[in-house]
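See below for the structure under consideration.
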Amino acid sequence: MQEIFTGLPWWVKWVAVPVIALVVFGGLIASVVGFVIGLLFKLLVFVALVGGLIYVVRKFMSSSSSRSDW
């Protein structure tokens, strides 16, 4: 691999090859990034819902235990 790039100008190695890679694999990269962002969003929604559920249950339990003290 090193011998292939030895005689080429710097702009081929550092500009043209990455641009070609982005064109060829751009859809794959975009779908992977979209999947990861979607997964993180679903994880955030899950954590928020579980946290809300725990908050509501604790609030309900504390209010019901204070009523039983009367």
Side-chain angles (χ1 to χ4, degrees):
M1 193 69 166
Q2 200 72 349
E3 299 92 22
I4 295 172
F5 288 117
T6 302
L8 298 175
W10 67 269
W11 60 269
V12 173
K13 292 186 256 189
W14 299 106
V15 177
V17 173
V19 166
I20 292 171
L22 281 175
V23 168
V24 172
F25 297 109
L28 177 67
I29 293 169
S31 64
V32 168
V33 168
F35 174 75
V36 169
I37 290 174
L39 192 63
L40 288 174
F41 178 73
K42 288 178 183 178
L43 183 67
L44 182 65
V45 169
F46 175 75
V47 168
L49 288 174
V50 169
L53 178 66
I54 290 172
Y55 174 77
V56 167
V57 168
R58 284 189 177 175
K59 197 75 158 168
F60 178 74
M61 295 297 282
S62 68
S63 67
S64 66
S65 67
S66 65
R67 269 190 258 144
S68 64
D69 290 343
W70 288 88

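The basis for the numbers below is simple: all heavy atoms, side chains too, and nothing from hydrogens, waters or symmetry mates.
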Open item on the list: In this structure, would W11 and W14 fall into the same cluster of hydrophobic residues linked by side-chain contacts under 4.5 Å?
Closed with: yes
Can you list, pair by pair, the side-chain donor-acceptor contacts under 3.5 Å of residues 19-41, counting residues two or more places apart and other chains?
unit_1	atom_1	unit_2	atom_2	d
S31	OG	G27	O	3.3
S31	OG	L28	O	2.8

Going by atom type alone, with no hydrogens or angles, which donor-acceptor pairs under 3.5 Å involve a side-chain atom of residues 46-61 and a protein atom two or more places apart or on another chain?
none

